[in-house]
Structures are given as structure tokens and as C-alpha cells.
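Atoms considered below: every heavy atom in the structure, side chains included; atoms not considered: hydrogens, waters and symmetry mates. Letters go in sequence order (proteins before strands), and every chain restarts at 1.
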There are 2 protein chains.
Amino acid sequence: MTTGKESKPRRVTAKQVAQAAGVSRSAVSRAFTPGSPLDEGKKRKILQVSEQLGYRPNALAAGLQSRGRSNLVAIVTGDLVNHYDSEILAKLMRGLYAMGKWPVVLGGSAETSEAEILEVLAYPLDALILRGGSVDESVATHCAKLNIPLIVSGRVMDAEGVDCVCCDNMRGAELAVTQLIARGKTRLGYLGGLAHLSSDQERKAGFESALTKAGFKPAILEHSDFSYEGGYEALTGILSNDVELDGLFCANDAMALGAIAAGRQQFGLSIPSDLSVVGFDDIAIAQWPSFQLSTVRNDMDQTVSQILRLLTERLDQPEKASETILIKPEFISRGTH
Amino acid sequence: MTTGKESKPRRVTAKQVAQAAGVSRSAVSRAFTPGSPLDEGKKRKILQVSEQLGYRPNALAAGLQSRGRSNLVAIVTGDLVNHYDSEILAKLMRGLYAMGKWPVVLGGSAETSEAEILEVLAYPLDALILRGGSVDESVATHCAKLNIPLIVSGRVMDAEGVDCVCCDNMRGAELAVTQLIARGKTRLGYLGGLAHLSSDQERKAGFESALTKAGFKPAILEHSDFSYEGGYEALTGILSNDVELDGLFCANDAMALGAIAAGRQQFGLSIPSDLSVVGFDDIAIAQWPSFQLSTVRNDMDQTVSQILRLLTERLDQPEKASETILIKPEFISRGTH
DNA sequence: TTGTACGCGTTATCAA
DNA sequence: TTGATAACGCGTACAA
């Protein structure tokens, strides 16, 4: 057993490799830079010594160079308890690996601390991807000052030089309402998530406008928190108050699943004959045999590929005009509507 | 619109702030180093100019220093489609933020590429946390050569200087078997996940040993892939082959939920009177009203806090003896056994 | 309290 | 093809 603070053992450097191999430091650097002019035998020797000593060029020091990049990209994700957030995070990370970028992940829990984001900006990030959490727009100002490209997804941020990728939430809500009405449902309710999020506001607005256009009025407009438990409690509350309802559009899948469970267990409702329920996002469990949830697909693959495209272009052309991409939602018809 | 490759705009440096504020560059450095001797008025001036220019000390360059750290910690996670993996990742990330460390997240999908891990070792990481994915032990060798502390969780790795935190899987499986037998179930089956993972092997071994000790034989030993769909298909297959079964222990919750759905929908079974099902992990959806799954808790909070403790101690004492921590599982009695 | 000078590990430039 | 040398941006020992 050892006690007390010990000195940190240091990593092997190019200098040490150079000495051990009997070459100059520059030669070592060249051995690891494809296309550099270097004698083939000398290169082999260097690589062999490096292997033996466990040498790898330090990516940090390389990123310090004039034209160097850190290849670090920060991602701010929403609460990973929400399956949409964890699923799209996985896809986004894979895309970044393929680009040779490494994701530094922030958030992941209910409260996304603004301070955390500002702290991580101390790193010379290649970009910051704001995918979830409720973060103030002032982040855009900080990024701009630090020359860190900002890409926002899941909402639209109207700031200079900020690229956005967002689902057409209004359209998605309209799709849901149209499909419910097509099934003969007329007393429709809306179950929203956190009301301060623009995605919720847009879905709600889409719901109301589509309903009005069809000549109906909302049976109820309720809010919860995007969680399964929240959806369960919300529908329990609504039905306990004798609200007449034959269709419910929920702002995400988790709440829809919770509402379905409450309807069945607390009120003995048959889904969809007594009550139709439609969700939003199309997370993996929506298609589990137990659920077979009808929902509006918030396409993750399209979203991720657009984010990656915008990132690539922005890195290549820092001054190019910013874009806002709207992803088209699609109604997924399963068994709950 | 702009075309072609443009030069990357550079970040404001301490030198520029020094010039703008009319002070030396070291003064700027001191202004951002708490406890450094510096005239109060000069410090205010520097901070004000920095604010205006948008200057932040570059964490990368700072980490290059002799006694500096990168404060970057890589985490290898398993497939984020598995809720256990995404839930524990979120908790682990929060713990790292609290320590002032930033998580570079790898994996997250079915195939964890070994090459990805080796590539990220180009960064002078403070540590590598191997939490999921099926990664070869050779990673330990690479980490050792690069002086990057390695902490493994979810399995035990018997390598020099590697700390481990793992659930006592044998004991967990025994708990499940004991509880099933206590309910009068005697024809018990085991539904495993990916058979090459040690966690699966240990749970299976625990199942068999506990059953033998109680004087019974396994009704069936089956394997799947840790997914809901896999569990659904596996039980469908088992029951289609007329295996007599009154209790099923699954190597994780997702498969247990799938198996329950299959039993109910495909064979009209009543759970638990016809068939008891017990899972492993205790993910969040295990306690959803629709499921109320009886399971063995693989405690995430304990696991995470042990990982963080080992990390802290390892950073403080690089040469201290390595530890292997076994987390005690707990049976969570709900409605499916 | 201040500024100068050096080191961190790398890549890029330049003259040989 | 080579090796010496200058950046890169920062912290800090050292001398003033």
C-alpha cells in the first residue's frame, strides 16, 4: 500500500522515441504524418520503437498547432431517461466517430446546468451541438465570441451564424389530428410536456389549429413533463374530472404510453375503441408488442445526417450563411388510434 | 453565399488580451488563476477586457503543462438502446461533472469498435472508464503503456493496476432462484443474454448452482441478446416446444419484459400465477404500472459512486494497489413472481 | 507585485 | 531526405 500524493507518471514523448531510435524529433513526427518525406527503413525503425515504448502522438499538443483542430465536439443532450434523447445521442455519436470527431457529452439529467456548458467552452471545441435540455440563447453569444460553431437541434434558434435542424412540429401535430378525426374521433385532448419548450408549444399550436380548421374545439389542453409517470397521472386526473374524451394526442411517446396504461388500468378503457392515443417521436419501445403505439415519427436518422452535414460544411466554410432545416414528420399507424 | 475553403478564425489568446489591456501576458494568466498575486485594479481591468474580447484560457494548452491535466475522461458505454446503459451513463456523467472532469463518450451502439478506443487514447486522458461493450483485455495493455488509468465496471478484468466495480452476479442469480422457489415454483428456466459476456456467464452459473443446491434441475437454459424483442422470441420458442415452465429468470429486465409480453399475448398466460418472471438490473421502466417487474437490483448509484471514488484515489495515488469492488445485489419484489 | 523566460509535446518551415 | 528552429497558448519559477 502506498500513501500520500505521488507525482503523475508522464506519457512517452516524441523526444524520447527519437533518442531511443537514434533519430531526430522531426523524423518521429514525420513517421506519424502520412505523406511526409522519410526514409522507409528509418520509418520502420521509429514505428517499432514507438510500439515498444508505447508512444502515440499527443492529440492535444497536435491540436494546439496553427491549423490544428482539437477534433472535440461537445453535445448537450436532454435527460437520458427519455428514450428519444438516448437513442438520438447514440446515432449522433456514431456519426461523429465516422467524421473523426469525439463527443464530449453534457447534460443527460433533468437539469442542464448552464454553467457546465460555459465551462466546457474553455476547450477549443470544433463545434457545440445543442440537442436537448433547456438552455438559454446566450450560449450562442459565447460560442460566437469563441469562434465555436453552434448547431442547434430540436428547436430553432434565431441567432447570427447558428445552424438549426428541427422537426416540423406544427405539421406533425396536424398529422395526428387528421388521423384521429379520420377514425371518427371528435372530442380530442392535448397532453403537452414542459410548457416552456418550443417543441411543446409548436405541437400544441399545431393541434389547436388543425382542430379549429376541422371545425372542432379541444376537449382539454393539459400539461405534464414528458415522462411516462406524468402521462399516467395526467390522464388519470383528466378522466377523474369527467372530461369527455375519445382521442388524445400526446407531445411525446412516453406520456402516451403512460396515458394508455392509466386508461386501461384505472378506467378499464379499451384502446383505441374507447379512447384513441397518439404519441410523438416514435421511440423504439413504441413498437414493442405490448404497446404498438400509433405515433408521429420525429426522424432521428434524417436529423442526425443533417446535423452532420451542417457541421461538415461549417468546418469547411466558417463564414457561410447559416441554415435552418425542417425535418418532415411522418404518421406511423399502429394499434392505438 | 461563399465558396471554397476558408481559413479557420482563431480564438482570442492571452497575448491579445494583454496588448488590449496594456499589461503583460503573465498578468492575464494570473487574473484567471485564483490565489495568484495581482493588483486588484489590474485584475478587474483584465477581466473586463477579456469579457469584451470573449477571452477564455484554452483548457487544452493549460493541460499541456507539466503538472496539468486534460480533465478529459473517456467512457466506453454499451448500447444505449439498453436502458440500463443509458441510465447509468447519465449518472456517471453527472458524477464526473461534479469532479470537474468531462466525459468523452465512446460506444453507444451494438458494435463497440476496438479501433475507436485505441484512437481516443491519442488524447492524454485523465482516465478511461470501461463500462459496457465487449472489449478485449488488450486495452489494459495500451492504457498501461500510455499511463492512462483504467477503471472497468460491469465485469472483472484481472490486469495489473486496473480497478474494477462489478455487481455480484452469482449472488443476484441466487436471490432470484430463492425467491422463485419460495413462491412454490420448481420448473425454472434461465434466459441469458449474449453468452460471451462474463455478466451473463456469472448469472447463469449462479442460477444453476442455486437450483442444484435446492435439489432441482433447470427446466431450460436458453440464450438471447439482452433485448426486449429477443426475450419475446425466446419465450415464444421455448413454450412452442412444450417445455414445462413455471418460473423464468432473465439475465436482464428488457428480456424479462419481452418474455412477459410473449407469455401473455402468445399463450394467454397469467403472470405470475401461470408463469413467474424475474429480471435483472431494475431499470426505470421495470416499475411502470404496466409492468411492475420483480427483479434483482444492479445498483447504479453504488456502482457510480464506487467508480468515482476509485477514480479520485487513482488520480491522487497513481501507484496504489488496484481494487475490485463487488456491489451487493438486492431482490426487488413486485408483481411478476 | 511585476515582467521575463522557459517548458509542455506537437507540427510546420526552412535551409542544408 | 534531413535536422534545427519557430510557432501554438498556457502556467509558473525566477529575478527584479
Side-chain angles (χ1 to χ4, degrees), chain A residues 7-46 50 53-72 121-126 146-148, chain B residues 7-46 50 53-72 121-126 146-148:
Chain A
S7 74
K8 181 180 130 199
R10 298 200 67 81
R11 198 177 161 108
V12 175
T13 71
K15 190 177 178 182
Q16 296 172 38
V17 173
Q19 286 173 344
V23 299
S24 73
R25 265 162 302 156
S26 321
V28 177
S29 191
R30 281 192 254 268
F32 286 90
T33 306
S36 272
L38 182 63
D39 177 79
E40 193 55 40
K42 195 178 267 188
K43 179 172 182 176
R44 265 207 310 279
K45 169 76 176 170
I46 292 174
S50 297
L53 264 52
Y55 170 75
R56 306 272 315 259
N58 183 328
L60 239 68
L64 211 55
Q65 234 64 229
S66 313
R67 284 185 289 286
R69 292 190 191 280
S70 69
N71 288 324
L72 257 25
L121 292 179
Y123 291 82
L125 304 169
D126 281 5
L146 293 163
N147 282 316
I148 296 177
Chain B
S7 74
K8 180 179 132 201
R10 298 198 66 79
R11 196 178 162 109
V12 175
T13 70
K15 192 177 177 182
Q16 296 173 37
V17 173
Q19 286 174 343
V23 300
S24 75
R25 202 181 48 74
S26 30
V28 176
S29 192
R30 282 192 252 268
F32 285 90
T33 308
S36 272
L38 181 62
D39 178 79
E40 192 55 39
K42 194 179 269 190
K43 178 172 183 176
R44 264 208 310 278
K45 170 74 175 171
I46 292 173
S50 298
L53 264 53
Y55 169 76
R56 306 270 317 259
N58 183 329
L60 238 71
L64 213 55
Q65 235 66 229
S66 313
R67 285 183 291 285
R69 291 191 190 281
S70 68
N71 288 324
L72 258 26
L121 292 179
Y123 292 82
L125 304 170
D126 281 6
L146 293 163
N147 280 316
I148 295 177

What are the two closest non-hydrogen atoms of [X] and [Y], and how far apart are they?
| X | Y | answer |
| --- | --- | --- |
| V12(A) | V17(A) | CG1-CG2, 4.1 Å |
| Q65(A) | R10(B) | O-NH2, 3.9 Å |
| Y55(A) | A14(A) | CE1-N, 3.3 Å |
| S70(B) | P124(B) | OG-O, 2.8 Å |

[X] [atom1] to [Y] [atom2] distance, which is reported to the nearest 0.5 Å:
| X | Y | atom1 | atom2 | result |
| --- | --- | --- | --- | --- |
| R44(A) | L38(A) | CZ | CG | 11.0 Å |
| S24(A) | Q19(A) | OG | CD | 11.5 Å |
| L121(B) | R11(A) | CG | CZ | 7.5 Å |
| L60(B) | N71(B) | CG | CG | 11.0 Å |

Have a look at L38(A) and say if it touches a base, only the backbone sugar-phosphate, or nothing, with a 4.0 Å heavy-atom cut-off.
sugar-phosphate
Which nucleotides of nucleotides 8-16 of chain D have their base under 4.0 Å from a protein heavy atom (B), which only their sugar-phosphate (S), and which neither (-), written as one string 5' to 3'?
BBBBBB---
Where do V23(B) and K42(B) land on the side-chain contact (heavy atoms from CB on, under 4.5 Å) test, with the steps shown first?
CA-CA 8 Å; V23(B) 300; K42(B) 194 179 269 190; 3.8 Å; yes
Does anyone know the first and last nucleotide of DNA chain C in reach of chain B, 5' to 3', at under 4.0 angstrom to a heavy atom?
dT1(C) to dC8(C)
Do other residues, nucleotides or ligands put more than 12 heavy atoms under 6.0 Å from R25(A) CZ?
no
Helical bend (five base pairs per end, nearest 10°) for the helix from dT1(C)-dA16(D) to dA16(C)-dT1(D):
50°
